[in-house]
Structures are given as C-alpha cells and as structure tokens.
Number of protein chains: 2
Amino acid sequence: MATIRDVAKMAKVSISTVSVALKDGTQVTPETLKRITDAAEAVGYTPNPVAQSLKAGRSKLIGVVIGSMQNPWFGDLMAGIEETAQQHHHLVTLSETRMDLERERATIDVLCSQRVGGIILSPYVTTAEHVKFLAELKTPLVVIDQKLEGLQTDFVGIDNELAMAMLTSQLLRLGHRRIGHIAGTTGLWTSERRKQGFRETLAAGGVEPDETLIVDGQYDGQVAYDQAMRLLTRPDRPTAIIAANVLMALGALQAINDLNFKCPDDISLASIDTVPWASVIHPQLTVVVQPIAEIAHAATAFLMDRVNAPHEAIAPRERIFTPKFVAGSSSAPPPARA
Amino acid sequence: MATIRDVAKMAKVSISTVSVALKDGTQVTPETLKRITDAAEAVGYTPNPVAQSLKAGRSKLIGVVIGSMQNPWFGDLMAGIEETAQQHHHLVTLSETRMDLERERATIDVLCSQRVGGIILSPYVTTAEHVKFLAELKTPLVVIDQKLEGLQTDFVGIDNELAMAMLTSQLLRLGHRRIGHIAGTTGLWTSERRKQGFRETLAAGGVEPDETLIVDGQYDGQVAYDQAMRLLTRPDRPTAIIAANVLMALGALQAINDLNFKCPDDISLASIDTVPWASVIHPQLTVVVQPIAEIAHAATAFLMDRVNAPHEAIAPRERIFTPKFVAGSSSAPPPARA
DNA sequence: ATGAAAGCGCTAACAC
DNA sequence: GTGTTAGCGCTTTCAT
C-alpha cells in the first residue's frame, strides 16, 4: 500500500506538507495542493488508520457491548449504530456478554486496551462496584436501555413507566381487573420501572395491585413460560397478562395455548417490544414498541460528541424516547364471569 | 496506560528485553523474567494493540460483511464468529451492505484500508467483476452462504440441493403433486442450487416440474407474500409451497391465512431455516435448518488459519454442512380432490 | 542473555 | 508555505 512518503516523493514535497495539505487544503498554495492530490490519486494513497490511531492514542472504532444477540431488537440496534458511526468514519465492533458479570467487565477491559474511541453499553450488571468501574473508565461511554443510577454519563432509553402504563390502562379500559405481570430480571432498572408503571396505573384505575400477580420472568422466554403456567393454573388466575418483553410474551402465549386457553377469549396478552415476524403470530400481539433506530442514532451521536471532544468534560445527557402503542388482537374484554 | 518503557524501567532492563521476555519466557534468565513479569504486573501493563498492529501491518480485527441484519440467523452467526475470534484474541467488526453492490465493494475497501486481519463475507453480488475484485484482495477472505464460482478462497455453507430435496421428498411422500416453490433472488448461488434440488427431486419422484410454479421471492417476506398470493389464486394452485427461506415462508403463511386457506389442511408449507421461538407460530413450520453456529466456527477457523500464515498460499478449502430436517405441523397430505 | 537502534506510517511542534 | 524533527509503543535485527 502506498504511504505518505510515496506521495511526498512523487509530489516533490516533504511528508509533513502532504499531511498538512490533505488535512485542510488551506495551509498550502493551490499549486502544491494540486500536485499533492494528484500524486495521492496516482499512487492510490489512503492514510493508514492504524498509524493514525497510534499517533492519536485511540482508534476510530466504537465498541458495542450487549447482553445477548437473541434480543429481537439487536439487529435494528446494530444497523442504526453502524449507520451513524459510518457517517463519522468509525467502524463498529460487537461483543456479547451473555448477561454475565465477569464477561461484561472483561469485554470492556479488552475494548479499552484496544483503545477503541468509545463504547455503547447495554448493561446487565448493576452493582455499585460495576458502576464504579464504569465511572473510572477513560474511554467515552454511552449507556442504553438499562440506566445505571449514579453513573455520570449519557443515557438513552425509553420511558418505561409510560410503556407499562399504556398497556395497563388499555387492559383496564377493556374491563380487566386481575392482570398478571411477567416482569424482567429483578433489580434491573427497566424491570423495576416497568413494575412501577404497572402498579401506579392499576392504582390510578382503582385496582389494588396484587403483588402475587407480579412474577419474575428474567427477560427469558422459557422462564416466562414456566411463570405463565403457574399464573394460569391458579384458581384466581388473571384474565390478562402483560409481559415486560416480547420473548416472555411468546413464552406466555405458548403456555396459554398449551393449557388450551384461547387468547384473547380467555386470556388477554400484551407486551413491550415486538419481533420482526410479528405479523404471522396469531393472535397479533398488542404491544408497545421502542423506537430502536432512533435510540441507536441518539446513542451514537452522543458518543461521537464525546469522542470528538476528548478533553472537555461533557455533562451527562439523557434522551428518553416515548414508545409507541400498537393495538393487536391479543387483547379483548375479559370473559364473562362464570 | 503503562507502556513497555515503564516496565523496562521498573525491571531495570531494556525495552527489547521486556518485549522478548513477554513473548516467550525462554530467551531470558528465569530471574529477569520474574523481575519483568512482576514489574508488568505492578504497573498494570497491557501491550498496546494499536502499536502492535502498526508494526505487524495489520490489526487483530476481523470484519464481517453481511447483506442484512434482518436475517434471523444473523445473531447466531455473529455469536459464533465472535466466540471463535475471541479465542484467537481478535475483535469482530460488523458491516451491513443492505444487499447493494456499491456498498458491498465500498465496505470491503474500508475494511482493507483499516488493515483488518481478515474478512468473512456473505456476498450478495455475484458479477464476474466483483469476483475479480475479491480475488485481488490482499486481505484474507472467507466466503459463507453464497458460493462465488471461480473465486479461489475458502467457502463454508450448506448442501442446498439436499436441503430442498429433504423438503420436497417429504411433501411428495405425503401425496403432493403440485408443489410451488418461492425461490430466492434469481442468480444467487443458493437460490439456483435450491431450485435445482427442487426440480431433481420432483423428477426423481415422477413429477414433471412445472416451471410456472417456481417464482422469485427475492428472499424477501413482502415479495414472497405477493408471489404466494399469485400462486394461490390460480385455478391450478399448488397444494403445497416450499419457501427458500423462513422470511418468505412467513410471508406465504400470511398470504395463506389472508386468503382464508387453512395450513396445512388446504395448503402445506415448508421452508429452509427457522426463527427463534418458532414454536409459537401456528402451525409449526416444517423446516430444514442450517447449523449456523458450526458454519460460523468453521468459517472463523478457516480465516484464522489464513491470518496466522500470511505468507503461505493456502489452497481453497470448502466445508459443506448437512442441514437438519425438523418436521412440523405445517405439512400434511393434500386435501381430497374436489 | 541483554541492549542499542532502526523503523512501522503518521502528526504536530517548531523552524525557516 | 514548506521542511525538519521528534515521537506514538512496539518488534526485531544485530551487536555485545
């Protein structure tokens, strides 16, 4: 590959002149600029990003750290991040932590030692120790999805209380009074916010929240299946279930079918998020969807701000998107009392 | 961050000794080795990969270039690649070409100029010019999924004829004689191989292939929906449909439902590939699945061979996996003649 | 066994 | 405006 030296030799200038000229053509005479650009063209010169990175102390790479690639929104997230990163001439690397504390830390360590320009993290560890670890990172960091309380950096996510309020009030309006909630992993920010939105909306609708109807599905389809089985075989079973994500909703739907209940005739179902192939699932799920592409763009834009201003201490920013309600046929009025 | 100089100073040796000692402890006396490792530990030394890359002329990064992140197997593919790459201390970057010729070329150019160690490509462009472009790459390359005829490099994929033969013979055995095939994008290797497997199996089963029952669904769910609509509204409609991928199968299923046909009572359906949580789709699809994780591992292993032996001309290798048949309830005997 | 020195390709002071 | 020079952190001859 052609180096800056080849260009300099051909244009009969020094390498620093080439470097300066190619940065912003304003510091050199038009004639030399032309000679240089022509020479660069002739030898097919592309600056070596590795050398640039060594000089700069960090590379034009942004690391995305995610809990699981099984998440249905993961493809859209990556596509959005890659699109924005590309506009800033950055490449995107991807790492999966499999929702493991050790792996999350180790992954971030690797990324930092690789001198990536910045990191977009969807955290699954919320311990104070981990927050401290993240706070001490020198590498620019933007957190998405799970907000980590006390961490001074940018966050992009959705209004989780609102998301659950949308679904809950819809079911209340249909006449449901006993509503079950298969919640996400206990302790995670999104899980707790969603539970809170659930409780508050019920209370505001005049229904006393029954804590035994709120179960932990660990954001996992199989666990949710088991939990739905338990909920639906109780004598005082709920007439509707809200799952905190779509994987759990599909698990619950499976349980409903396996128990020979009809959805929505016997049990209504609703969830947060959807899947790309949602249109062929019967019944169509009533859902609230996150604007994933916008979250990806916003997070990447935040990150690039930090990458491009490495010395300024940018105050933590927050971007909370409003999810969108999409009515489906999985929710209907509860069956008449037997 | 601590540099090799910090370690050298603390261990009271030269930087070259540190470098040699940390490479393989065999060239230095045990005492100095200990001093050096202790010092490295004390200052928290990690070699700067960027500097190593500059020296080596290429980085410990492998680029994955894929047509679309919507593909349901994309998450599993990435997870598999990342896992194997990690064992070789490589990071994985991801780029999407949106199935566009220009973008596929430009993306590969960027990756090469970034001096990635190697590239795993799932190509969507099969022109001779593109093959020539790929053949001239200096960067190690492994192709997956779509084989490019005439390209001298490693390939990993599945036996596409066999995949279609499995599905076709199953439907023949059930008694179907008019079977439609929603094929992938015309001209792509997988599409053509699958069509070929379809024709041959029909012929072997004593059924003359009707070319009008083979339609181009472009590997796209919406296009497949339209094509299924056309197939199913013909007076001589097929009694079964095989889709060349799952997105198209789901599109076809939607069409079947919208036309108020029952699957499998009126129309049987089968496809290649599946989606996570396929179990909540009714009816359960009869499918043939690719061993994506194994494909990912094999491709990455091939690539690492090339990365680790940059000067040897490794002869092109090929790994063809056998897909797995998974019977579902979407295929049944055809309805009795009216 | 250890060290000195060159250089990977580039950028940025600092001269002139 | 343009060139000289000194590194960024590392690996690798080549001496000693």
Side-chain angles (χ1 to χ4, degrees), chain A residues 1-40 43-61 89 112-117 138-139 308 310-311, chain B residues 1-37 39-40 43-61 89 112-117 138 308 310-311:
Chain A
M1 295 228 85
T3 77
I4 198 171
R5 252 170 273 271
D6 301 323
V7 179
K9 199 176 298 176
M10 176 161 249
K12 299 199 195 310
V13 292
S14 77
I15 60 166
S16 50
T17 305
V18 175
S19 179
V20 165
L22 261 35
K23 165 162 290 215
D24 52 12
T26 175
Q27 311 271 59
V28 293
T29 59
E31 299 88 71
T32 39
L33 177 58
K34 172 126 181 53
R35 282 219 315 286
I36 289 171
T37 50
D38 285 353
V43 300
Y45 170 69
T46 331
N48 184 330
V50 180
Q52 290 177 317
S53 297
L54 177 60
K55 185 70 187 167
R58 59 200 160 72
S59 71
K60 281 180 183 297
L61 209 61
H89 308 289
C112 289
S113 76
Q114 286 273 352
R115 272 69 166 183
V116 297
K138 290 281 163 291
T139 307
N308 294 329
H311 303 304
Chain B
M1 295 229 88
T3 77
I4 199 172
R5 252 170 274 273
D6 300 324
V7 180
K9 199 176 298 175
M10 175 160 248
K12 300 199 194 309
V13 291
S14 76
I15 60 167
S16 46
T17 306
V18 175
S19 179
V20 164
L22 261 35
K23 167 164 289 213
D24 51 11
T26 176
Q27 309 273 59
V28 293
T29 59
E31 301 87 71
T32 40
L33 177 58
K34 171 126 177 56
R35 282 219 316 284
I36 288 171
T37 50
V43 300
Y45 171 69
T46 330
N48 184 330
V50 180
Q52 290 177 317
S53 298
L54 177 60
K55 187 72 188 162
R58 59 198 160 72
S59 71
K60 281 182 183 298
L61 208 61
H89 305 106
C112 290
S113 76
Q114 285 275 349
R115 272 67 168 185
V116 297
K138 290 280 164 291
N308 294 330
H311 304 303

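In what follows, chains carry the letters A, B, and so on, assigned in the order in which the sequence lines appear, proteins first and then strands, with residues in each chain numbered from 1. Computed from heavy atoms alone, side chains included, the values below leave out hydrogens, waters and symmetry copies.
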Worksheet item: Under 4.0 angstrom, heavy atoms only, what part of the nucleic acid is Ser16(B) near: base, sugar-phosphate, or nothing?
Response: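 It contacts base atoms.
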Worksheet item: With a non-hydrogen cut-off below 4.0 angstrom, is Thr32(A) in contact with a base, only sugar-phosphate, or nothing?
Response: sugar-phosphate
Look up atom [atom1] in [X] and atom [atom2] in [Y], then write down how far apart they are to the nearest 0.5 Å.
X         : Y         : atom1 : atom2 : value
Ser113(B) : Asn48(A)  : OG    : CG    : 8.5 Å
Leu54(A)  : Gln52(A)  : CG    : CD    : 11.0 Å
Met1(A)   : Asp6(A)   : CE    : CG    : 10.5 Å
Thr46(A)  : Gln114(B) : OG1   : CD    : 10.5 Å

Atom pair distance, as rounded to whole Å: [atom1] in [X] and [atom2] in [N]:
X        : N       : atom1 : atom2 : value
Ile4(B)  : dA4(C)  : CD1   : P     : 14 Å
Ile15(A) : dT5(D)  : CD1   : P     : 11 Å
Leu54(A) : dA6(D)  : CG    : C1'   : 14 Å
Met1(B)  : dG9(D)  : CE    : P     : 11 Å
Arg5(B)  : dG3(C)  : CZ    : C1'   : 14 Å
Arg35(A) : dG1(D)  : CZ    : P     : 15 Å
Lys23(A) : dT11(C) : NZ    : P     : 7 Å
Gln52(B) : dT11(D) : CD    : P     : 5 Å

Fill in: Nearest-nucleotide comparison on DNA chain C, the residue closer to the 5′ end among Thr46(A) and Gln27(B)
Gln27(B)
Worksheet item: Want to settle it: does Thr3(A) or Leu33(B) sit nearer the 5' end of DNA chain C, counting the closest nucleotide to each?
Response: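 The 5'-side residue here is Leu33(B).
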Worksheet item: Under 4.0 Å: is that the gap between some side-chain N or O of Ser14(B) and OP1 or OP2 of dG3(C)?
Response: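 Checking Ser14(B) against dG3(C): at least one side-chain N or O falls below 4.0 Å of OP1 or OP2.
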Worksheet item: From dT11(D), dC8(D), dG3(C), pick the nucleotide closest to the side chain of Lys55(B)?
Response: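 Taking heavy atoms from C-beta onward, the closest nucleotide is dT11(D).
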Worksheet item: Counting side-chain heavy atoms from CB outward, which of dG1(D), dT11(C), dT2(C) is closest to Ser19(A)?
Response: dT11(C)
Worksheet item: Can you tell me if Arg35(B) uses its side chain to pair, donor with acceptor, with the backbone of Leu33(B) under 3.5 Å?
Response: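 Side chain of Arg35(B) to backbone of Leu33(B): no pair is present.
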